[in-house]
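Comments concern the structure below.
Not measured: the values here are computed from a predicted model.
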Amino acid sequence: MSSSAETLDRVVQDIAAEMADRADRGAVATYIPELAGVDPGAFGLVVIDADGHVAAAGDCDTPFSIQSVSKVFTLTLALGMVGDRLWRRVGREPSGTPFNSIVQLEREQGIPRNPFINAGAIAVTDLILSGHKPREALGEILRFLQFLAEDSSIFIDEAVAASEQRTGFRNSALAYYMKSFGVLDNPVDFTLGVYFHHCAIAMSCRQLAMAGRFLAHNGRNPSTGLSVVNAERARRINAVMLTCGHYDGSGEFAYRVGLPGKSGVGGGIMAVAPGKASIAVWSPGLDAAGNSHLGRIALESLTRRMGWSIFGA
């Protein structure tokens with residue numbers, strides 16, 4: 001094992017031990033009933049470096065609901081289908097409002113501010129659904145994640161999906177509002193069904209870090225050398241993750257962590273250190289903006305110790 005791999009292993013283990021001792025763990029999401037019962041004491045961290053070395057600690061193989069982290073992969077798929085035409089329906093600017101806000105849609109004629117807030121992700125899902133049956137579109141999303149992670153065991157947690165459908169009134173409002181402006185093409189129930197189900201995909205930190213590798217390596221899967229997206233598209237997806245990946249906490253995340261990343265209310269964060277590593281962290285307790293509280297703290301510690309901030313060590 002190289003000295004850099006040994007250093008990475010030590011840093012990851014140290015961070016996990018530090019997080020285990022912390023009392024400030026945030027609060028688990030309760031508006032999705034299935035997420036309310038998740039153990040707030042859970043913590044996992046996986047880092048996969050450019051040589052394929054995996055540094056893992058804590059609950060790194062426990063599947064959790066990735067929620068909005070799935071939006072990175074649906075954005076990648078939709079760009080592959082329609083290219084830059086996607087940006088006619090969804091913007092690329094930070095929202096500055098909560099992830100489920102409807103206020104901005106009214107001001108901006110139904111065009112969501114970016115693909116990572118709920119309205120934007122629903123619009124992206126609608127594009128993927130066009131020309132498919134809902135089950136086919138969902139299967140394509142799931143197979144894409146299984147392909148990226150090289151793991152066919154990744155699954156959709158049907159209990160979480162059903163829980164979201166029962167309580168997703170705000171998302172229904174967002175979708176119908178966009179439909180009134182002609183932003184959505186498909187029946188709202190179909191689009192929402194696919195959206196709720198891809199947010200309910202369950203993955204472990206190890207699987208999620210594997211799936212994110214192409215964004216850390218110019219669009220290529222480093223284990224095969226094959227291109228998932230071209231280098232320019234990988235850079236652009238990373239740019240949107242940096243500016244919009246943590247809702248109205250995106251500026252704080254960029255300031256403290258300094259990496260492109262995407263969070264989900266299941267407590268997961270996927271982040272990439274371009275050219276260096278793909279990272280996944282999970283801690284279910286959230287901060288006020290809906291991002292993993294300890295996840296962000298752990299990533300800040302990781303980038304500081306490894307010198308990985310894109311803004312300089």
Side-chain angles (χ1 to χ4, degrees), residues 29 31-32 66-130 132 134 137-138 141 164-165 167-201 233 236-251 253-254 260-266 270 289-291:
Y31 67 92
I32 300 173
I66 67 170
Q67 292 295 311
S68 288
V69 182
S70 69
K71 296 171 184 176
V72 175
F73 304 104
T74 53
L75 173 62
T76 304
L77 270 178
L79 285 169
M81 292 174 173
V82 302
D84 286 344
R85 285 192 293 123
L86 177 142
W87 304 118
R88 298 175 191 170
R89 297 211 203 179
V90 184
R92 298 190 294 267
E93 295 296 331
S95 65
T97 56
F99 56 83
N100 59 359
S101 172
I102 200 169
V103 174
Q104 215 156 40
L105 279 180
E106 186 167 11
R107 283 203 309 266
E108 299 176 8
Q109 285 71 56
I111 302 295
R113 187 64 71 89
N114 66 68
F116 294 152
I117 55 174
N118 289 17
I122 291 167
V124 169
T125 301
D126 188 73
L127 277 170
I128 294 172
L129 178 58
S130 293
H132 297 81
L138 191 58
I141 295 166
E164 292 197 57
Q165 284 188 294
T167 59
F169 307 117
R170 179 69 67 94
N171 287 322
S172 295
L174 294 170
Y176 279 108
Y177 202 75
M178 287 189 289
K179 183 75 168 175
S180 75
F181 282 99
V183 173
L184 302 188
D185 290 334
N186 297 286
V188 167
D189 287 349
F190 287 7
T191 299
L192 284 174
V194 177
Y195 172 76
F196 289 137
H197 278 78
H198 74 65
C199 287
I201 290 172
R233 181 160 292 167
R236 289 180 168 178
I237 293 169
N238 284 340
V240 181
M241 283 205 293
L242 180 73
T243 56
C244 308
H246 291 78
Y247 314 119
D248 47 336
S250 297
F253 188 85
K262 182 71 196 84
S263 67
V265 297
M270 183 185 73
N291 303 310

Item to check | Heavy-atom closest contact (Ser250 atom, Cys244 atom, distance) | outcome: OG-C, 3.3 Å

Checklist entry - Is there side-chain contact between Phe253 and Ser263, with heavy atoms separated by less than 4.5 Å? => result no

Item to check | Note, Asn114 side chain near Glu93 side chain (heavy atom, < 4.5 Å) | outcome: no

Next on the checklist: Measuring only between side-chain heavy atoms, which start at C-beta, is Met178 closer than 4.5 Å to Asp126?
Outcome noted: no

Item to check | Heavy-atom side-chain contact between Thr74 and Ile128 under 4.5 Å | outcome: yes

Next on the checklist: Using side-chain contact (heavy atoms from CB on, under 4.5 Å), reason through Leu127 and Met81 one step at a time and then give a plain yes or no.
Outcome noted: CA-CA 8 Å; Leu127 277 170; Met81 292 174 173; over 6 Å; no

Item to check | Test log, rule side-chain contact (heavy atoms from CB on, under 4.5 Å), inputs Ile201 and Phe73 | outcome: CA-CA 12 Å; Ile201 290 172; Phe73 304 104; over 6 Å; no

Checklist outcome for this item: Checking Asp84, Leu79, Leu75 against Arg236 for side-chain contact (heavy atoms from CB on, under 4.5 Å), the one that qualifies is Asp84

Checklist entry - Does the Gln104 side chain pair with the main chain of Ser95, one donor and one acceptor, at a distance under 3.5 Å? => result yes

Item to check | Under 3.5 Å donor-acceptor, Lys262 side chain and Gly245 backbone | outcome: yes

Checklist entry - Between Ser180 (side chain) and Tyr177 (backbone), is there a donor-acceptor pair under 3.5 Å? => result yes

Next on the checklist: Does any part of the side chain of Val265, heavy atoms only, come nearer than 4.5 Å to the side chain of Tyr31, both counted from C-beta?
Outcome noted: yes

Checklist entry - So, do Ser172 and Val188 sit near enough that their side-chain heavy atoms are less than 4.5 Å apart? => result no

Item to check | Any donor-acceptor pair under 3.5 Å from His197 side chain to Tyr195 backbone | outcome: no

Next on the checklist: Within the supplied structure, the quantity of interest is the number of heavy atoms (other residues, nucleotides, ligands) at a distance under 6.0 Å from Glu108 CD; does it exceed 12?
Outcome noted: yes

Checklist entry - Under a 4.5 Å cut-off applied to non-hydrogen side-chain atoms, are Val240 and Pro115 in contact? => result yes

Item to check | Audit row: Tyr176, Leu184, side-chain contact (heavy atoms from CB on, under 4.5 Å) steps and yes/no | outcome: CA-CA 9 Å; Tyr176 279 108; Leu184 302 188; over 6 Å; no

Checklist entry - Within the side chain of Arg89, is there an N or O that forms a donor-acceptor pair under 3.5 Å with the backbone of Val183? => result yes

Next on the checklist: Strictly distance-based, threshold 3.5 Å: is any side-chain N or O of Lys71 a donor or acceptor partner for the main-chain N or O of Cys199?
Outcome noted: no

